[in-house]
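Naming convention: chains lettered A, B, ... in sequence-line order (proteins, then strands); numbering from 1 in each chain.
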Amino acid sequence: MIVYSMSTDVTDLAAVRVGRVREIATAHLGLRGPLIPILHAVQEDLGHIDQADVPVIADVLNLSAAEVHGVVTFYRDFRRAPGGRATVRICQAEACQAVGAEALGEHARRRLGVDFGGSTSDGAVTLDEVFCLGNCALGPAVQVDGRLHGRVTPARLDALLGEVAR
Amino acid sequence: MSGMEAGGAGMGEGKLRVFVPRDSAARSVGADAVAERLVAAGAEVVRTGSRGMLWLEPLVEVETPAGRVGYGPVAPEDVDGLVAAGMLDGQDAGLGGPERPTRRDEMSDSPDGGRVDAASPAIRHGESGVYLGLVEELPWMRRQQRVTFARVGVVDPHSPDDYEANGGLAGLRTALAMSPADVVEEVVTSGLRGRGGAGFPTGIKWRTVLGAEADVKFVCCNADEGDSGTFADRMLIEGDPFTLIEGMTIAAHAVGATEGYVYLRSEYPDAVETLTAAIEAARERGWLGERILGSDLTFDLHVRVGAGAYICGEETSMLESLEGKRGQVRAKPPIPALEGLFGRPTVVNNVLSLASVPAILADGADAYAALGVGRSRGTSVFQLGGNIARGGIVETAFGITLGELIDDLGGGTASGRPARAVQVGGPLGAYLPVEKFDLPMDYEAFAEAGAMLGHGGIVVFDDTVDMAAMARFAFSFCAEESCGKCTPCRVGAVRGVETIDRIRTGQDREKNLVLLEDLCELMTDGSLCAMGGLTPMPVRSAVRHFGEDFTR
């Protein structure tokens with residue numbers, strides 16, 4: 001993770017980012033089909049896949065920027081703008097629907113004041129929907145920063161949101 | 001660390017090992033906190049996979065001379081009381097006192113010995129800390145035939161020693177002593193069919209790859225378990241990852257592959273972690289790499305994490321994704337067995353297909369084929385989810401009926417209301433009414449009933465479900481997740497949502513129902529892959545069996 005200081009110039013920031021993206025992409029060149037592992041690594045390290053990252057990755061892999069752009073936009077996991085400090089994903093697939101997932105999703109949207117895919121104005125939480133977390137016997141299921149929670153009631157969701165919204 | 005601290009009250013002399021699942025479903029309802037409390041109380045805790053009795057999670061088991069006794073569900077705040085009452089000595093330390101029947105009594109009160117009592121108030125209302133007695137003797141366990149899942153919930157998934165001590169590697173050792181062609185024929189003889197949903201005979205697929213000439217061949221495991229209601233792949237990987245590694249290594253020997261990939265979805269971070277650690281341990285042991293177990297076999301395995309696209313569960317989309325492209329389906333032919341990953345001959349199998357192979361080689365194809373009915377041989381891992389009282393996994397031979405699974409083993413709905421609809425085989429599977437509960441779990445019987453067994457996922461809905469809304473959801477899911485390559489799927493699903501909306505609001509209802517049927521026929525016949533081709537299945541079955549929901 002790059003640490004930005006208040007005095008860092010915007011152009012310096014961009015240059016630092018380009019260097020880091022190139023470094024990550026180059027480190028994955030030994031893999032077969034390295035593009036998706038690279039995108040995961042860039043997002044993990046820098047928080048999102050910026051439009052400016054695309055030509056850099058394309059250059060390292062000898063692909064067109066259009067090809068890389070097509071992959072970034074095809075997959076739901078890759079976000080093109082910074083997200084909240086925590087990500088809360090609520091399962092909306094059939095098994096969780098059977099035990100009240102839609103009402104839970106509605107509760108979350110109302111409580112956070114954002115739609116699925118949106119982030120709260122304080123940047124604390126990104127809310128999203130997900131279709132199956134593999135917890136179909138213990139629904140409704142919610143994933144908070146990769147951590148799975150089962151049988152989530154609106155009250156339990158409020159408690160989970162309270163933990164991450166600080 | 002805290003295991004060295006003073007034990008709580010009730011600690012016996014010889015400390016017994018205590019097992020707490022680290023399966024993500026068990027963790028999702030507090031297994032980590034329970035394990036921490038047990039360690040603090042002085043127990044030696046081993047983290048295992050889950051037995052699959054998910055309504056009892058967190059399920060704590062204590063090793064006794066008679067076998068493992070269970071307590072569940074155990075809340076963290078139950079732990080100290082259970083320990084004080086002698087839990088760590090394996091005693092009946094149920095919290096409810098002598099008057100209250102233990103859950104084991106309720107569950108074993110069954111007329112035919114195998115049937116599990118459906119109306120258990122303790123289970124329905126989630127009383128915690130209940131002493132269950134010997135876990136292996138629970139009627140719910142006794143009703144099953146665990147082959148692929150035999151070690152899940154039993155062994156420590158991070159321990160290669162535990163794996164080997166519990167029968168692991170026997171299949172690979174047998175296979176390595178055989179010629180590749182003989183291994184392939186053994187799998188053909190077993191009758192194993194693809195557990196990912198399509199049901200294509202696994203051995204036939206392998207035979208094609210074995211016969212193909214190429215500089216390099218691949219084994220790819222499709223672990224992109226995106227179907228709602230399916231979680232057996234996840235549980236197998238989190239609970240017994242070495243079985244999958246062994247199965248893939250046998251496949252590599254059988255077809256002449258040197259490199260393998262497991263395409264695992266990003267929604268399963270625990271599974272990614274467990275499998276990655278197991279592959280690393282397998283390499284250190286010489287179970288992967290060069291000259292595996294002293295043989296001539298060279299094979300290495302890699303985990304690749306998907307990026308949130310349902311369509312990548314389709315085998316050709318998965319291959320595109322592994323190659324670093326958008327996950328768009330390929331037209332077949334050529335089949336992946338001849339031109340798969342990077343254009344090379346490739347075995348593409350589901351997790352459960354590959355994980356079934358070690359037992360087939362270890363115990364013989366005939367033993368496996370002896371289980372099942374008709375052309376559905378062996379066992380299947382059925383997954384009970386949705387609105388169900390006792391959800392989880394049940395591994396049993398094909399031929400058990402839908403009703404036996406839902407009512408006898410599953411205990412009916414969790415809400416206590418009448419069940420109304422069941423979706424079998426994922427979001428692209430049919431919705432069936434309770435009148436179909438006598439249907440045997442068998443590929444052909446399901447196909448005949450206009451349904452599909454798919455991956456064996458079963459999602460239960462009670463009588464509050466609106467089936468027109470579920471049919472609409474099937475289309476909207478397809479519209480969202482279509483790879484976009486073919487028009488019937490990409491556009492048809494959008495038109496389907498619009499048409500159902502008109503039906504639900506009463507606009508030209510009769511005409512739109514005819515249009516809906518036309519659209520379904522076109523998508524079935526004209527789509528490039530199963531995504532567009534099967535989306536009509538939930539829609540048509542909803543209209544057929546629950547027509548009243550479309551006319552109110």
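- Between A/R147 and B/D270, none of the side-chain N atoms (NZ, or NE/NH1/NH2) sits under 4.0 Å from a carboxylate O, so this pair counts as no salt bridge.
- Taking the six-membered ring where tryptophan is involved, the planes of B/F218 and B/Y261 are tilted, since the angle between them lies from 30° to 60°.
- Using a cutoff of 4.0 Å between basic side-chain nitrogens and carboxylate oxygens, A/R32 and B/E259 are scored as salt-bridged.
- Highest contact tally toward chain A, considering only B/S321, B/G226, B/G391, B/G392, is held by B/S321 [criterion: heavy-atom pairs under 4.5 Å].
- Heavy atoms of A/L61 lying under 4.5 Å from chain B are absent altogether.
- Of all the listed residues (B/G410, B/G327, B/G385, B/S266), the one sharing the greatest number of non-hydrogen pairs under 4.5 Å with chain A is B/G327.
- A donor-acceptor contact shorter than 3.5 Å links the side chain of A/Q43 to the backbone of A/D77.
- Chain A forms the most heavy-atom pairs under 4.5 Å with one residue out of B/R304, B/R234, B/Q423, B/H302, and that residue is B/R304.
- At a 4.5 Å heavy-atom cutoff, the contact between B/L54 and chain A is made by backbone and side-chain atoms alike.
- Defined by atom type and a distance below 3.5 Å, a donor-acceptor pair is present between the side-chain atoms of A/S64 and A/E67.
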Stepwise salt bridge (charged side-chain N to carboxylate O under 4.0 Å, His left out) test for A/R76 and B/E480: CA-CA 10 Å; A/R76 183 189 288 267; B/E480 178 71 25; 3.2 Å; yes
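- With rounding to the nearest 0.5 Å, the separation of SG in A/C96 from CG in A/L138 is 9.5 Å.
- Residues of residues 462-477 of chain B that come closer than 4.5 Å to chain A, counting heavy atoms only, are B/M470, B/F473, B/F477, ordered by residue number.
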Counting only pairs under 3.5 Å, give me each side-chain donor-acceptor contact of residues 124-131 of chain A, with atom names and distances, residues two or more places apart or in other chains.
from	atom 1	to	atom 2	distance (Å)
A/T126	OG1	A/G84	N	2.5
A/T126	OG1	A/S119	OG	2.7

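- The candidate from B/A421, B/A271, B/C483, B/G30 with the greatest count of non-hydrogen atom pairs under 4.5 Å with chain A is B/C483.
- The candidate from B/L341, B/D23, B/V459, B/D233 with the greatest count of non-hydrogen atom pairs under 4.5 Å with chain A is B/V459.
- Contacts of A/E94 with chain B are made by both backbone and side-chain atoms, with heavy-atom separations under 4.5 Å.
- Contacts of B/Q383 with chain A are absent, with no heavy-atom separation under 4.5 Å from either backbone or side chain.
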For residues 305-314 of chain B, dump all side-chain donor-acceptor pairs below 3.5 Å to protein atoms at least two apart in sequence or in another chain.
from	atom 1	to	atom 2	distance (Å)
B/Y310	OH	B/D227	OD1	2.6
B/E314	OE1	B/T316	N	2.9
B/E314	OE1	B/T316	OG1	2.6
B/E314	OE1	B/S317	N	2.9
B/E314	OE1	B/S317	OG	3.4
B/E314	OE2	B/T316	OG1	3.4

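- With a threshold of 4.5 angstrom between heavy atoms, A/Q92 approaches chain B through N, CA, C or O but not through any side-chain atom.
- In terms of heavy-atom pairs under 4.5 angstrom with chain B, the leader among A/G139, A/P37, A/C132 is A/C132.
- Remark: side-chain polar atoms of A/R111 are not paired, donor with acceptor, to backbone N or O of A/R109 under 3.5 angstrom.
- Using a 4.0 Å cut-off between a side-chain N of Lys or Arg and a carboxylate O of Asp or Glu, A/D59 and A/R22 qualify as a salt bridge.
- When heavy atoms are compared at a cutoff of 4.5 Å, B/T230 approaches chain A solely by way of its backbone atoms N, CA, C and O.
- Every residue two or more places apart in sequence or in another chain that forms a salt bridge (charged side-chain N to carboxylate O under 4.0 Å, His left out) with B/K325 is listed here: B/E323.
- Comparing B/P427, B/S228, B/G229 by how many heavy-atom pairs each has under 4.5 Å with chain A, the most go to B/S228.
- With respect to chain B, the highest number of heavy-atom pairs below 4.5 Å among A/N135, A/V142, A/V99 belongs to A/N135.
- Electrostatic pairing of A/R80 and A/D50 does not count as a salt bridge here, judged by no charged N lying under 4.0 Å from a carboxylate O.
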